[in-house]
Amino acid sequence: MRKPSETNVIEYDEAGTAEVLTARTRPLPAAGPGEVTVEVICAGISHIDGFIRSGREATWEAEPFPRRSGSDFAGIVVDSSDPRFARGSDVVGHVRSGAQASYLTVPAAALVKKPKSVSWETAGGAYLAGVTALDTLDDLRIGAGDTVVISAAAGGVGSIEAQLACHRGATVIGTCGERNFDYLRQLKIIPVKYGEGIADRIRAAAPGGVTAFIDNFGQDGHELARALGVPESRYRSSEDRREVELRLLQDDSESVAHGTKQLEMLMELAAAQAFHLLISGYYPFDDVGLAYADLERLHSRGKVVLGTHPVSTYRFLKARDVHDQRS
Ligand SMILES: NC(=O)c1ccc[n+]([C@@H]2O[C@H](COP(=O)([O-])OP(=O)(O)OC[C@H]3O[C@@H](n4cnc5c(N)ncnc54)[C@H](OP(=O)(O)O)[C@@H]3O)[C@@H](O)[C@H]2O)c1
């Protein structure tokens with residue numbers, strides 16, 4: 001395995017929509033002490049990348065341009081100064097930005113081993129969505145005896161959150177459109193259609209009452225949780241969720257260690273099949289703009305990811321396209 005000296009990275013020179021994203025070839029720093037160089041196989045696509053790119057996040061104002069995109073990745077170690085991650089190891093990791101790249105040099109502290117049974121797509125899309133889900137469930141101490149409502153339960157964060165809540169023994173009600181009813185039922189989640197009349201539909205689905213509410217979508221969550229009698233301490237808004245995601249992108253050693261510890265737990269849960277991450281959008285690296293356009297339609301099932309080594313760039317019709325053509 002030859003050590004690479006260059007990497008293809010997704011960068012941008014100004015705030016804006018996904019149209020500002022561009023692929024560039026840049027020198028790749030060699031792995032120094034405590035660092036590892038990874039050949040990226042899959043990288044995640046998340047809404048927070050778009051919020052940051054658009055200039056909406058004040059905490060990123062001081063970051064110089066060009067900026068890099070993406071924070072979740074999975075790949076193969078090509079150079080390492082850390083005995084835990086020998087060359088050829090399969091790893092999963094996180095960075096503040098710049099995961100959408102062919103090669104990355106990162107601190108070993110931001111990596112965990114990828115279990116063989118976890119697919120590259122799941123591992124590459126796991127960090128932000130999965131650790132946000134895990135942190136939120138931990139924060140609310142969701143467990144057996146809970147009946148929790150999770151909004152956007154078929155999406156990236158919601159589908160992991162809902163499955164892990166079930167795994168902890170909670171009864172889970174997931175809000176979604178009708179097209180996702182069968183998908184959620186297969187995950188043992190009780191589907192409830194969002195929109196007008198939702199409070200009554202949730203009451204009918206949870207005759208014993210609702211003990212917690214996690215709002216991923218961020219429209220009517222707070223009012224609805226109050227109407228259902230959920231205590232304030234057991235409600236988390238999409239704004240709280242945004243804060244969780246932004247914390248996961250901080251690069252001080254304490255935040256990185258927290259993210260890595262939770263990522264390791266997430267990989268153990270994935271290997272134990274406590275959750276399955278459906279990949280409903282898989283795009284070649286150069287189609288990063290299309291991948292964000294897909295996500296921004298707000299009807300993804302599971303995750304949208306980028307692959308650096310797609311077997312074919314031929315684009316297949318996806319299940320949701322078939323659905324959209326019918327409706
Ligand atoms: N406030 C914030 O700062 C903040 C932070 C992060 C994320 N978010 C938002 O939270 C949402 C979910 O996040 P994600 O990362 O899991 O995204 P995602 O994967 O894009 O979520 C898509 C899911 O949202 C569902 N959905 C669409 N309209 C809905 C509605 N009115 N009520 C409930 N669910 C609805 C869709 O279900 P159907 O296809 O069945 O409609 C789809 O499964 C995204 O829309 C994102 O923009 C907000």
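Ligands are counted one by one from 1 in listed order, and the atoms in each one are counted from 1 as well. Sequence positions, counted from 1, serve as the residue numbers for this chain.
Between Cys176 and ligand 1, no N or O atom pair is found at a separation short of 3.5 Å. Checked against a 3.5 angstrom limit, the closest N/O atoms of Ser151 and ligand 1 fall outside it. Remark: ligand 1 and His299 share an N or O pair separated by less than 3.5 Å (distance only, no angle test). The shortest N/O to N/O separation between His47 and ligand 1 falls below 3.5 Å. Residue Asn216 has at least one nitrogen or oxygen atom sitting less than 3.5 Å from a nitrogen or oxygen atom of ligand 1, judged on distance alone. Remark: ligand 1 and Arg242 share no N or O pair separated by less than 3.5 Å (distance only, no angle test).
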Test log, rule side chain to side chain donor-acceptor pair (under 3.5 Å), inputs Asp49 and Tyr292: CA-CA 9 Å; Asp49 310 334; Tyr292 279 108; 2.7 Å; yes
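The contact set between ligand 1 and Phe51, taken as ligand atoms under 4.0 Å from a residue heavy atom, comprises 3 (O), 4 (C), 5 (C), 6 (C). Using a 4.0 Å cut-off to heavy atoms of Arg179, the atoms of ligand 1 that qualify are 39 (O). Taking a cut-off of under 4.0 Å to the non-hydrogen atoms of Arg56, the atoms of ligand 1 that pass are 3 (O). Residue-ligand proximity, Ala154 to ligand 1, at heavy-atom distances under 4.0 Å covers atoms 43 (O).
Atom 19 (O) of ligand 1 has as its closest protein heavy atom Gly156 N, 2.8 Å.
No salt bridge links Asp79 with Arg87; every basic N to acidic carboxylate O contact stays at or beyond 4.0 Å.
Atom CD1 of Ile173 is separated from atom CD1 of Ile190 by 5.0 Å, given to the nearest 0.5 angstrom.
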